[in-house]
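Scroll down for the structure; my scribbles are underneath it.
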Amino acid sequence: MRFGTTFAVTLAAGLVAGASPALAAADPIPVSISVSPAEGRPGDAVTVQVACEDTRLGVVSSAVLTVQALSRDPDGHQPWLLTGAGEVNADAHPGRYEVSVACGDQTPSTWFTVRSAQTGGGAQPTLE
């Protein structure tokens with residue numbers, strides 16, 4: 001009987017101390033950045049999303065994208081997720097470019113690919 005009492009007291013102490021997964025603090029959200037779509041042509045619209053719980057958030061840095069200020073969901077959903085609209089710069093040359101943002105002491109990055117500008121559209125005129 002003494003074993004059962006000792007076990008119950010030990011179990012209760014563990015639960016109070018936070019040993020239970022239900023009482024444990026939530027894991028922090030991983031810091032990340034994404035660009036959608038991940039490739040485009042000069043003038044194309046993009047959306048940048050940043051997962052960052054830290055209040056020390058920098059601006060999005062990219063040689064080929066211009067991104068508006070990041071904002072949180074006005075309804076308060078997923079307060080760690082910030083979104084910004086952007087555009088591929090008109091003078092961007094084809095290639096693969098890094099996109100980054102400072103979030104506290106971390107600087108997550110991703111890649112964006114610029115495709116060659118579209119030329120013409122539709123059928124070519126015929127000469128008569």
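FYI, the numbering just counts along the sequence from 1.
- You'll find the side chain of V114 reaches within 4.5 Å of the side chain of P42, heavy atoms only.
- For Q68, the CD atom sits in a loose shell: 12 or fewer heavy atoms of surrounding residues, nucleotides or ligands are nearer than 6.0 Å.
- Annotation: side chain of F112 is not in contact with side chain of R96 (no heavy-atom distance under 4.5 Å).
- In this structure, the separation between OG on S62 and CH2 on W111 is 10.5 Å, given to the nearest 0.5 Å.
- Under a hydrophobic clustering in which Ile, Leu, Val, Met, Phe, Trp and Tyr are joined whenever their side-chain heavy atoms come within less than 4.5 Å, directly or via other members, V31 and I33 fall into different clusters.
- Within the 4.5 Å cutoff, side-chain heavy atoms of D54 are placed close to those of C103.
- Around atom CG of D105, no more than 12 heavy atoms belonging to other residues, nucleotides or ligands sit under 6.0 Å away.
- Checked by atom type and distance alone, the side chain of E39 never pairs as donor or acceptor with a backbone atom of R115 at under 3.5 Å.
- Side chain of R72 to backbone of L82: no donor-acceptor contact under 3.5 angstrom is found.
- Checking T66, V48, L65 one by one against V60, the side-chain contact (heavy atoms from CB on, under 4.5 Å) holds for a single residue, V48.
- Scanning both residues, E87 and G43, for their nearest heavy atoms gives CG-O, 3.6 Å.
- Taking every heavy atom of both residues into account, S32 and P108 meet most closely at CA-CB, 3.9 Å.
- Considering only heavy atoms from C-beta on, D73 stays 4.5 Å or farther from L81 through its side chain.
- In terms of heavy atoms, A51 sits closest to I29 at CB-CG2, 4.1 Å.
- L70 is listed as a side-chain neighbour of L57, based on a closest heavy-atom distance under 4.5 Å.
- Closest non-hydrogen pair, S100 versus T107, comes out as CB-CG2, 4.0 Å.
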